[in-house]
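The next block holds one structure in the form of structure tokens; read it before the comments.
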Amino acid sequence: MENKLSFYNTLSRKVEQFIPNEDGKVAMYTCGPTVYHFAHIGNLRSYIMEDVLEKTFRYAGYDVKRVMNITDVGHLSSDADTGEDKMLKGAKREHKTVMEIAKFYTDAFFADCAKLNIKTPDVVEPATNCIAEFIHMIEVLLEKDYAYESGGNIYFDTSKLTDYYVFSSQSEKELLVGVRDDVEADDNKKNPSDFVLWFTKSKFDDQELKWDSPWGVGYPGWHIECSCISMKHLGEYMDIHCGGVDNIFPHHTNEIAQSEAYVGHKWCNYWFHVHHLNDKSGKMSKSKGDFLTVSLIESKGYNPLVYRMFCLQSHYRKPLEFSYEVLDNVTAAYDKLVRKIGSLKEEGAVDEAKFAEYRAQFEAALGNDLNTSSAITVLYDMLKADMNDATKLALVKSFDEVLSLDLATAHAKVEADNGVDAELEAYVLAKIEERKAAKKEKDFAKADAIRNELLEKGIVIEDTREGVKWKKA
Ligand code: AMP
Ligand code: ZN
């Protein structure tokens, strides 16, 4: 299959042409949510951009199999195996069982995804479904001498690898080796960077979910789940693995260490990481207690798809700052866009040459390291271009397979909210253009006549510095 897509690969630290292991197929994995609380809109930025990535592959003709885990056990409050178990913390907070918490927040996560038009991955697997697979992988790692038992826990021995810090540059590696001060001292570890594969000596005697294992009753470490769940469904070779930038270290670093030790060869070729959404005070986090959710922005009157558009307008590798002022601006832009699309008439035949030309431009923007904002620019340019409405509508529908902003259907809702229908809008916009032309030709009598004609129809226009604005009288 001809290859037109390139993405930044965190592993090679450069933008690379995407070449999957099997021609025409993509094996894709996404680290799923830890379901102890609602997802904040920062988490959802990652899932929106990963959704766009998956849809870009499909748009380019690939057959994608996408797998995602649900973390319902083993994720401690620090990603480096220390602190309290996040699920247990959620259960205590809400006086429920861990499984009740997991069910409630898994459902809430997918409800948020639905509002944001995020497609559910082909396979979604909770960690608690795969305990036998985790135990098997740990047994193999012990047999191969990549793991050891100490103080009742099983650890991965990072000193067995020639290159543990795979995502770091040479100078970063020199700084990192042996000086991980983010890790609480654990006397059982042989090396500070070793990590837990299986806990039996938990600091938390009240750990609710425990399983029998060859090393005693306990529970798995967080990293092992993504290695096992991805291999269970995608096999020993994976094309692309995604997550937020905070997953690079230690989570993805540890996933690579144990997976490649287990399979004995390179495991995943491309690593795709989405930068964080920040609020004015800094990085968003669920543990801070007060955080932004889809329900919150909805309760303030915002359409969740406007948040999706806000994310698409900036590049996934740049930090993004959230503010309601920006969301207001995106709302205005979204409403205007869908109203314009709503005024297009499904008449005439689709111009196949034009269709192919713009479709290729749109795909090229996405294939250029997922440049969603230039993909949106292609949409705007296309709407302004000289071609019939039927071709424009066909292109809108095509682009929306990836953008997923309900572009072709949202005008009805926006019009109902604003009390203006598409036909009236198209008429007013045409009159404004006519008046602009009259003014340019210094035909002020005609310009005034147009203003009066609109007024008779109950439309007031106003000349402002940003252009002509109009509203119902
Ligand atoms: P969690 O539920 O904490 O395991 O996180 C789910 C996903 O959201 C992971 O891929 C994280 O890397 C990602 N993530 C966490 N915080 C943010 C943020 N502020 N902005 C974007 N993505 C985030
Ligand atoms: Zn993961």
Side-chain angles (χ1 to χ4, degrees), residues 10 28-53 66-79 83 85-87 89-90 101-102 105-106 108-110 112-113 116 118 121 124-127 130 134 167 195 220-234 238 240-259 267-268 271-288 291-294 307-308 310-311 314-322:
T10 316
M28 177 174 177
Y29 185 83
T30 306
C31 287
T34 308
V35 283
Y36 71 111
H37 219 320
F38 291 108
H40 57 59
I41 57 172
N43 301 124
L44 290 160
R45 178 190 188 197
S46 287
Y47 295 109
I48 288 170
M49 300 318 288
E50 290 157 359
D51 180 64
V52 174
L53 177 69
R66 176 157 171 221
V67 178
M68 185 172 88
N69 66 307
I70 298 287
T71 299
D72 53 1
V73 68
H75 194 173
L76 306 189
S77 18
S78 152
D79 288 354
D85 181 291
K86 290 190 180 185
M87 293 302 297
K89 205 165 142 184
I101 289 288
Y105 288 112
T106 303
F109 173 74
F110 286 112
D112 285 347
C113 286
L116 293 163
I118 296 172
V124 175
E125 180 95 87
C130 302
F134 305 157
F167 290 113
F195 56 93
W222 173 40
H223 317 296
I224 197 81
E225 67 177 85
C226 288
S227 294
C228 284
I229 292 173
S230 62
M231 277 187 215
K232 179 173 173 185
H233 299 286
L234 300 170
M238 202 204 307
I240 189 159
H241 191 130
C242 319
V245 281
D246 59 311
N247 286 158
I248 297 173
F249 190 81
H251 185 49
H252 290 165
T253 304
N254 291 350
E255 276 188 47
I256 293 178
Q258 66 204 1
S259 298
W267 170 54
C268 176
W271 290 82
F272 177 91
H273 291 110
V274 180
H275 218 294
H276 277 167
L277 178 82
N278 304 311
D279 56 22
K280 287 212 166 78
S281 65
K283 193 194 140 189
M284 252 170 235
S285 104
K286 285 190 230 187
S287 30
K288 271 200 219 159
F291 57 89
L292 288 157
T293 59
V294 169
Y307 176 65
R308 184 175 171 109
F310 164 69
C311 292
S314 88
H315 196 256
Y316 75 94
R317 278 202 290 126
K318 292 203 181 112
L320 181 59
E321 190 176 292
F322 177 82

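All ligand and atom numbering here is 1-based and tracks the order in the structure.
- Residue His223 does not count as close to the Zn ion (ligand 2), with no N, O or S atom under 2.8 Å.
- The ring pair (Phe, Tyr, Trp, His ring centres under 6.0 Å) test applied to His276 returns no partner, not counting sequence neighbours.
- For the ligand labelled ligand 1, residue Asn247 lies inside the 4.0 Å heavy-atom shell.
- Taking the six-membered ring where the residue is Trp, Tyr307 and Phe310 present tilted rings, their angle falling between 30° and 60°.
- At a threshold of 2.8 Å, the Zn ion (ligand 2) has no backbone or side-chain N, O or S atom of His252 nearer than that distance.
- Using a 4.5 Å cut-off on side-chain heavy atoms (C-beta onward), Pro250 and Phe195 make no contact.
- Between Tyr105 and Phe38, the ring planes lie perpendicular to each other; the angle is over 60°, past the 30° to 60° tilted range.
- Distances from ligand 1 to the non-hydrogen atoms of His273 include no value under 4.0 Å.
- The shortest N or O to N or O distance between Arg45 and ligand 1 is not under 3.5 Å.
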* For side-chain hydrogen bond (donor to acceptor under 3.5 Å, both in side chains), just list the numbers for Asn69 and Glu225, CA-CA rounded to whole Å, side-chain angles, deciding distance to a tenth of an Å, and then say yes or no. => CA-CA 8 Å; Asn69 66 307; Glu225 67 177 85; 2.7 Å; yes
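- Rounded to 10°, the angle that NE2 of His251 and SG of Cys31 form at the Zn ion (ligand 2) is 120°.
- Of the N or O atoms in Cys31, none lie within a sub-3.5 Å distance of an N or O in ligand 1.
- Near Pro33, with a cut-off below 4.0 Å to any heavy atom, the atoms of ligand 1 are 2 (O).
- Where the criterion is an N or O separation shorter than 3.5 Å, residue side chain and backbone included, Asp246 meets it with respect to ligand 1.
- Near Ser46, meaning under 4.0 Å from any of its heavy atoms, are these atoms of ligand 1: 13 (C), 21 (C), 22 (N), 23 (C).
- Of the candidates Ile41, Thr30, Thr34, Asp279, it is Thr34 that places a heavy atom closest to atom 1 (P) of ligand 1.
- Judged by distance alone, the side chains of Glu255 and Ser227 never bring a donor and an acceptor atom under 3.5 Å apart.
- With contacts defined as side-chain heavy-atom distances shorter than 4.5 Å, the pair Ile41/Thr293 does not qualify.
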* Run the side-chain hydrogen bond (donor to acceptor under 3.5 Å, both in side chains) check on His223 and His252 step by step: do they pass? -> CA-CA 8 Å; His223 317 296; His252 290 165; over 6 Å; no
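- Counting atoms of ligand 1 from 1 in the listed order, those under 4.0 Å from a heavy atom of His40 are 16 (N), 17 (C), 18 (C), 19 (N).
- Ile256 has its side chain within reach of Phe167: a pair of non-hydrogen atoms, C-beta onward, lies under 4.5 Å apart.
- Distances shorter than 4.0 angstrom occur between a heavy atom of Leu277 and an atom of ligand 1.
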